[in-house]
Enquirer: 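There's a structure below that I have some questions on.
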Amino acid sequence: MTTVAVKPATMAQALTRALRDAMAADPAVHVMGEDVGTLGGVFRVTDGLAREFGEDRCTDTPLAEAGILGTAVGMAMYGLRPVVEMQFDAFAYPSFEQLVSHVARMRNRTRGKMPLPITIRVPYGGGIGGVEHHSDSSEAYYMATPGLHVVTPSTVADAYGLLRAAIASDDPVVFLEPKRLYWSKDAWNPDDPQTVEPIGRAVVRRSGRSATLITYGPSVPVCLEAAEAARAEGWDLEVVDLRSLVPFDDETVCASVRRTGRAVVVHESGGFGGPGGEIAARVTERCFHHLEAPVLRVAGFDTPYPPPMLERHHLPGVDRILDAVARLQWEAES
Amino acid sequence: MTTVAVKPATMAQALTRALRDAMAADPAVHVMGEDVGTLGGVFRVTDGLAREFGEDRCTDTPLAEAGILGTAVGMAMYGLRPVVEMQFDAFAYPSFEQLVSHVARMRNRTRGKMPLPITIRVPYGGGIGGVEHHSDSSEAYYMATPGLHVVTPSTVADAYGLLRAAIASDDPVVFLEPKRLYWSKDAWNPDDPQTVEPIGRAVVRRSGRSATLITYGPSVPVCLEAAEAARAEGWDLEVVDLRSLVPFDDETVCASVRRTGRAVVVHESGGFGGPGGEIAARVTERCFHHLEAPVLRVAGFDTPYPPPMLERHHLPGVDRILDAVARLQWEAES
Amino acid sequence: MTVMEQRGAYRPSPPPAWQPRTDPTPLLPDAAPYRVLGTEAAAKADPELLRRLYAQLVRGRRYNAQATALTKQGRLAVYPSSTGQEACEVAAALVLEERDWLFPSYRDTLAAVVRGVDPVEALTLLRGDWHTGYDPYAHRVAPLCTPLATQLPHAVGLAHAARLKGDDVVALAIVGDGGTSEGDFHEALNFAAVWQAPVVFLVQNNGFAISVPLAKQTAAPSLAHKAVGYGMPGRLVDGNDAAAVHEVLADAVRHARVGGGPTLVEAVTYRVEAHTNADDDKRYRADSEVDAWRDHDPIALLERELTERGWLDEAGVRAAREDAEALAADLRARLNQDSELDPMDLFAHVYAEPTPQLREQQALLRAELEAGQEGELR
Amino acid sequence: MTVMEQRGAYRPSPPPAWQPRTDPTPLLPDAAPYRVLGTEAAAKADPELLRRLYAQLVRGRRYNAQATALTKQGRLAVYPSSTGQEACEVAAALVLEERDWLFPSYRDTLAAVVRGVDPVEALTLLRGDWHTGYDPYAHRVAPLCTPLATQLPHAVGLAHAARLKGDDVVALAIVGDGGTSEGDFHEALNFAAVWQAPVVFLVQNNGFAISVPLAKQTAAPSLAHKAVGYGMPGRLVDGNDAAAVHEVLADAVRHARVGGGPTLVEAVTYRVEAHTNADDDKRYRADSEVDAWRDHDPIALLERELTERGWLDEAGVRAAREDAEALAADLRARLNQDSELDPMDLFAHVYAEPTPQLREQQALLRAELEAGQEGELR
Ligand SMILES: Cc1ncc(C[n+]2csc(CCOP(=O)(O)OP(=O)(O)O)c2C)c(N)n1
Ligand SMILES: Cc1ncc(C[n+]2csc(CCOP(=O)(O)OP(=O)(O)O)c2C)c(N)n1
Ligand SMILES: [Mg+2]
Ligand SMILES: [Mg+2]
């Protein structure tokens, strides 16, 4: 398999390309949301789609998130494959009832008769200097809702591949786009886009022997940076990018932890009741006898997301990750 | 301290009494929600309050949960202490944005200037034969939202004591009432109601040496039953009733687990992304070297809540708890 | 020209040149609910249609009584009766073509049954066997909807999708007076009007949301008056007059089908029974109020009109009653059988493919069942 | 008699006796936005009030320009300008008594400033120092609200609470045209009407929700027409005519204060600048449209009226401009200083008492800071 890296592309560009290719491939795919049409979305991810496919395929809706998701449900009932954009993480909350009580359950409640192939794109997380209500990490809510897939890319190629897979899925997918990676660039050839990346498989982004950093989305680059920095301490860290929170790839994660015997879960989302608890608990259940130390967590604080000027203290950074690695009871080894 | 047990009272009666006493003690306390006035609520928890305190103090609102919670926010801004009833767990979802974006954050975003002393009563959980959307366990959503207290009683006395504490709290409290315990009875003297039970303290409901069952709300009686049944297997189980999910009483829980060396977390809520992950993870972080086995979880399945005829298979029962206890690697001991 | 472009290019202009987007006058409902029965309009009605409505009303009333009786025998977990509201239920179902869609609320099992859903399947939710008991695509009836008003945006989305595909399908969605207070009602009506989606919103104003009377629900002149705020016509109709409800809905359906956009219809009716069998309506209303409405019973109103005009004879009445009894007997017989349920169904349809986690859980439950464990709540 | 009983005991009655709850006619807005400037009504206006409005408009325009300039210098994270909408901002603030409350949306920092909030504190949110930069109780200005329309039920609850306590306090809440599509708008207006709460809802219809024009937001004749669906009066006003906006709002405030209940006011205005400094409005509108509105500028309209009537002289204009420059200079000076923030504030106000968990986290951060760690995003 050769990947021709013609020029670097941003994650936002890869997402746009994924939407465009999906729309071209399947007339049932409809993009809808606030400002997605003429403007191309506040992050420009839907740029050009209304022009290319018409306003009926890429529609500026009225400003009402429950209405957006609720009408998408009806459209999916009639055989369309809506791709909904929520403008920011916190602005998806008005649609929570539609999501939990309908989107997540429709297949189950109708005994499989009425699947809802809806993709809900949610730009999430902080680190972009956004004011209040623009930097939430809301994945814990989605993870706790059976019936949803929850997916989040950390690379340009995955952004393309996973979004294609999400749109192709016959189940609803909450597709979490790390805001601060929108402009991250990668050598990726947009004209030879990577094939669809199946949902549900974690990937080892960096191999290591000393301990595993389990992470996803916006925290992946931070963990890779931490792993580089850790070499100075003599630690060789493995970094697992989950890519899909639901379904969860126990196999890849546990294989890594069994190898290293130590793990730290890293995410921006608040720690208490956040994804890290689930991840640490299930890794411990499955790898207890391989663990030299408890699985630790490095997460956002259990506070509302702070204002831009203070967010750097909230976000898990390299130092905080290395401090946690240092707490993995290395003395037990010697 | 003497508790005179004149006659058995139900949890619903104790809740009613708590509301009445709180309203009598403080004219700022206002009860509001759907059908809470003339009808006394669909579970009759607000029975008689409108008659005794007038409709201005116990108000039938229009049918709109975001409106209920949103107006409660405004009332709290003006110095009232609203006690909101959500009719059922799943019907609190429309108010999710108000809860997450305002109720939970108002104190923080105003640097303490604008606290919101709102109590949100949510009848939750299954086991009462309720049809679709009437049996959700939604505590994971609330736990993952910093700024909220999350409290749930399992006894008649706690129902009174914790609800009084919730209403007295200057912070928003999500008060989760286990539906299937509404009619549970206990020797409790309604005319000498127990004093306010401070929020944030777990309690050991049954002492034991072999392993700890960590649980709350509707699963407490099930765990106590399981502990009795476990004696036949030679296991002496300790049962910890959390009572408060936020703040979390690490001290009591960890003291128990350090003593027993083994733990199972039990709750009705779905397992994946549910409260048990957080609990297991934090117990493991704090007690790793005392653990003989991984902390296991017995939870509802990761499916939408099933229809009444099948709910008994979903709910964690005595057998499933004992099976988990059996998996606590007892062989390691011998 | 696409659907979205049809709306034309509105451009804001400063107040001297400002124009209202639509003329509000034709959108406003009449001052009193429209009636046919007992008025001159009845003479122009189609006797055949009225007889069909009548037969279904009688059947519907019997269905309601039987379902309520089955709750007493523990055969249904709960039943929200539509007794007294049969005119709305029946007309809503009969007014649609086969290709159209019905979006019922939790109270509207009768409308689903009239549309063709097997009554046992319609009652599956309330029996407790499963959530949606029928295939929604078989008769184009969306799942009975418990979270109030949430089905309304679904109806809008479906109707919009049909229109985009070029199908002349209409969606009719039913909601209660209480449900109009929810944000989803507002958002659905607004989307429908902006998209000119072929939807008919039928509000069954039965006076109560459980115990809460309309006066605590709204201060509007009528619920139909809400329509003008969305730029769609609002119509007010006597909800116990089956002929009137049918006529108003038929107009609205026709209007929607030819691209005229949505209509909001408020049918003024009354919930004669308690909210459900579990409710105690003595707590919040007087018998006298209920009695006043019994004199305005939908079946009696239609029967009087039909017999007075000589459009229905004894035999017709008897036939309707016999048909109703047959339905009830069938319902009794089939619901008195214990249902066979496979607990493995819990996992079958959460996702198209069970996740590894669900496979594990399914294996756990299977092992428990094989070990003879019966689960909680024994 | 309690507030809730005041509503009277509505009882449903069958259609022959059916009555609308309210007469809809007086609730409907006029066909065209109400105007004062340039009309005969101006002669009856209070020159003193108009001069006050004028001075604040000039100040407000300068404030907007200065804030926008500060974004270019990186001193504000983002700024949603109210340039062109100053008449609404200023009138909304000036129409209230000290004991009243203002509920601004995220765009309404100017209204907060006119009401007395320190401009630096009003801009704290957009500077990025903290969320709400001012004490809401100091000037009775609720926190600037980003989640659209969610402040509206707060205003209703506060006004209702004040009424229950016997205080004649009025709440005025501002929302955009886009915000009217949210469910919270609907629920808030309905609660307000049912409770007869003393609230005034001011919709600033500036033609756009970011890039989405009004035509994609609603099909209503006007947004003010929504009022009738709640049983409250709807008023339509030229939002660039400060005298008209003030008069209409003053009427509504008076009405609310004496127990007359809520009013919905739609002010027709225009967002002259891009949505925020981060937006590119060339993508969705033509310069010519913006230019059309520049000819209907709120300051020019008022200045012309005042000078033509001889109510304002050169000196008055100069004084207003100097005052505006002083505001801008102060803003520049103070916002060009780096702010001092204590990271420990993160934990200070999550709860009345920090939880044990937060104490641990606070200790962690303190240790990091003492070790000289600077956090992510260095
Ligand atoms: C979102 C939501 N909130 C609350 C409920 C609980 N509930 C069930 S029926 C009902 C009253 C409904 O009244 P209305 O809309 O008038 O319909 P009706 O029962 O009269 O048919 C309520 C409050 C619900 N099902 N959904
Ligand atoms: C609930 C919610 N959804 C989406 C957004 C993102 N957003 C911010 S401003 C805006 C447009 C608002 O338009 P309008 O209400 O007309 O106010 P204006 O900006 O014109 O003052 C949007 C969509 C938000 N802040 N809140
Ligand atoms: Mg009703
Ligand atoms: Mg606007």
Side-chain angles (χ1 to χ4, degrees), chain B residues 34-42 44 47 55 59-67 87-88 90-91 93-95 97 126-134 180 219 222 225 268 271-272 299-323, chain C residues 77-78 106 124-132 143-144 146-150 176-185 209-213 216-218 275 278-280 283-285 339 341-343 345-347 349-350 355 357-358 361-362 364-365 367-369 371 373-378:
Chain B
E34 294 156 7
D35 302 287
V36 298
T38 317
L39 184 65
V42 294
R44 303 293 185 269
D47 195 20
E55 278 196 51
T59 307
D60 283 331
T61 62
L63 208 169
E65 293 78 9
Q87 202 161 79
F88 281 86
F91 307 143
Y93 301 149
S95 62
E97 182 188 29
I128 61 157
V131 302
E132 203 183 12
H133 302 297
H134 285 78
R180 57 174 161 146
S219 297
V222 186
E225 209 191 315
E268 268 186 50
F272 192 87
F301 296 126
D302 297 325
T303 68
Y305 195 87
M309 298 263 202
L310 292 173
E311 67 181 336
R312 69 175 190 281
H313 298 297
H314 179 79
L315 294 169
V318 168
D319 292 335
R320 199 171 291 160
I321 294 168
L322 294 184
D323 285 352
Chain C
V78 65
Y106 76 104
T124 298
L125 172 79
L126 304 163
R127 185 186 201 182
D129 293 9
W130 199 259
H131 307 304
T132 303
L144 295 161
T146 298
L148 297 167
T150 55
D177 47 314
T180 65
S181 295
E182 290 282 4
D184 275 20
F185 171 87
I210 309 187
S211 71
V212 179
K216 292 184 183 174
Q217 203 63 250
T218 181
H275 165 61
D279 177 38
D280 174 11
R283 284 185 166 242
Y284 53 81
R285 66 179 178 185
S339 41
L341 296 170
D342 181 1
D345 269 13
L346 291 180
F347 306 97
H349 304 294
V350 182
T355 60
Q357 289 74 33
L358 284 175
Q361 293 169 28
Q362 187 165 12
L364 174 79
L365 178 59
E368 285 181 4
L369 291 169
Q373 293 179 13
E374 267 305 302
E376 187 54 10
L377 305 173
R378 283 151 301 186

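Proteins get letters first, then strands, A, B, ... in listed order; numbering begins at 1 in each. Quick note: numbers below take in every heavy atom, side chains included, and nothing from hydrogens, waters or symmetry partners.
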Enquirer: Determine whether C:L364 and B:R320 make a side-chain contact, defined as any pair of heavy atoms from C-beta on separated by less than 4.5 Å.
Expert: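 Side-chain contact under 4.5 Å: yes.
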Enquirer: With side chain to side chain contact (heavy atoms under 4.5 Å, CB included) as the criterion, how do C:L144 and B:E132 come out once you've worked through the C-alpha distance, each side chain's angles and the decisive distance to 0.1 Å?
Expert: CA-CA 10 Å; C:L144 295 161; B:E132 203 183 12; over 6 Å; no
Enquirer: Of the backbone (N, CA, C, O) and the side chain (C-beta and beyond), which part of B:H313 lies under 4.5 Å from a heavy atom of chain C, both, or neither?
Expert: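 Contact with chain C involves both backbone and side-chain atoms of B:H313.
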Enquirer: Can you tell if the side chain of B:T38 reaches within under 4.5 Å of the side chain of C:R283, non-hydrogen atoms only?
Expert: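 Not in contact.
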Enquirer: Quick one, C:D279 and B:L39 - any side-chain contact, counting heavy atoms below 4.5 Å?
Expert: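 Yes - at least one pair of side-chain heavy atoms lies under 4.5 Å apart.
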Enquirer: So which part of B:F91 gets closer than 4.5 Å to some heavy atom of chain C, the side chain, the backbone, both or neither?
Expert: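 Answer is side chain: those atoms of B:F91 sit under 4.5 Å from chain C.
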Enquirer: What closest approach, in Å, do C:S181 and B:A64 show between heavy atoms, and which atom pair accounts for it?
Expert: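 Reported closest heavy-atom pair: O-CB, 3.3 Å.
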Enquirer: Please check: side-chain N/O of C:Q217 versus main-chain N/O of B:L63, any donor-acceptor pairing under 3.5 Å?
Expert: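 At least one qualifying donor-acceptor pair exists.
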Enquirer: If you count heavy-atom pairs under 4.5 Å between each of C:G178, C:A149, C:G179 and chain B, which one has the most?
Expert: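 Of the options given, most contacts go to C:G178.
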Enquirer: Taking side chain as everything from C-beta outward and backbone as N, CA, C, O, which of these in C:A209 sits under 4.5 Å from a heavy atom of chain B? Side chain, backbone, both or neither.
Expert: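 The answer is both parts of C:A209.
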Enquirer: I'd like to check C:H349 versus B:T303 (side-chain heavy atoms, cut-off strictly below 4.5 Å). Are they in contact?
Expert: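 Counting from C-beta outward, C:H349 and B:T303 never come under 4.5 Å.
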Enquirer: Between C:L346 and chain B, which part of the residue has a heavy atom less than 4.5 Å away: side chain, backbone, both or neither?
Expert: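 Both backbone and side chain.
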Enquirer: I'd like to check C:V350 versus B:P304 (side-chain heavy atoms, cut-off strictly below 4.5 Å). Are they in contact?
Expert: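 C:V350 reaches B:P304 side chain to side chain.
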Enquirer: With the side chain counted from C-beta on, respond yes when C:L358 and B:D302 share a heavy-atom pair under 4.5 Å apart, and no when they do not.
Expert: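 Yes, close enough: below the 4.5 Å cut-off.
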Enquirer: Is C:S339 close to chain B through its backbone or its side chain, or both, or neither, when contacts mean heavy atoms under 4.5 Å?
Expert: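 Contact with chain B: side chain only.
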Enquirer: For C:E368, is it the side chain, the backbone, both, or neither that has a heavy atom closer than 4.5 Å to a heavy atom of chain B?
Expert: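 For C:E368, the side chain is the part near chain B, not the backbone.
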Enquirer: Where is the tightest heavy-atom contact between C:A77 and B:G129, given as atom of each residue plus distance?
Expert: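 Shortest heavy-atom separation between C:A77 and B:G129 comes out as CB-O, 4.1 Å.
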Enquirer: Kindly indicate whether the side chain of B:H133, heavy atoms from C-beta on, has any atom under 4.5 Å from the side chain of C:H131.
Expert: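 They are not in contact (no side-chain heavy atoms under 4.5 Å apart), so the answer is no.
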Enquirer: Using a strict 4.0 Å threshold on nitrogen-to-oxygen distance, state whether B:E34 and C:K216 make a salt bridge.
Expert: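 So B:E34 does not pair with C:K216 through a salt bridge.
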Enquirer: Would you mind telling me which of C:Y106, C:F185, C:F347 has the largest number of heavy-atom pairs within less than 4.5 Å of chain B?
Expert: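 Result: the option with the highest number of such pairs is C:F347.
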Enquirer: Indicate yes or no for a side-chain donor-acceptor contact from B:D35 to the backbone of C:S211 under 3.5 Å, with no hydrogens or angles considered.
Expert: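 Pair found, side chain donor or acceptor close to backbone of C:S211.
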Enquirer: Tell me, for C:V78 versus chain B, whether the close heavy atoms (under 4.5 Å) come from the side chain, the backbone, both or neither.
Expert: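 When you check distances to chain B, only side chain atoms of C:V78 fall under 4.5 Å.
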Enquirer: Which region of B:E268, side chain (C-beta onward) or backbone (N, CA, C, O), has a non-hydrogen atom less than 4.5 Å from a non-hydrogen atom of chain C, or is it both or neither?
Expert: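 Neither part.
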Enquirer: Looking at side-chain heavy atoms only, is the closest gap between B:F272 and C:T355 below 4.5 Å?
Expert: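 They are not in side-chain contact.
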Enquirer: Taking side chain as everything from C-beta outward and backbone as N, CA, C, O, which of these in C:D280 sits under 4.5 Å from a heavy atom of chain B? Side chain, backbone, both or neither.
Expert: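 For C:D280, backbone and side chain are both near chain B.
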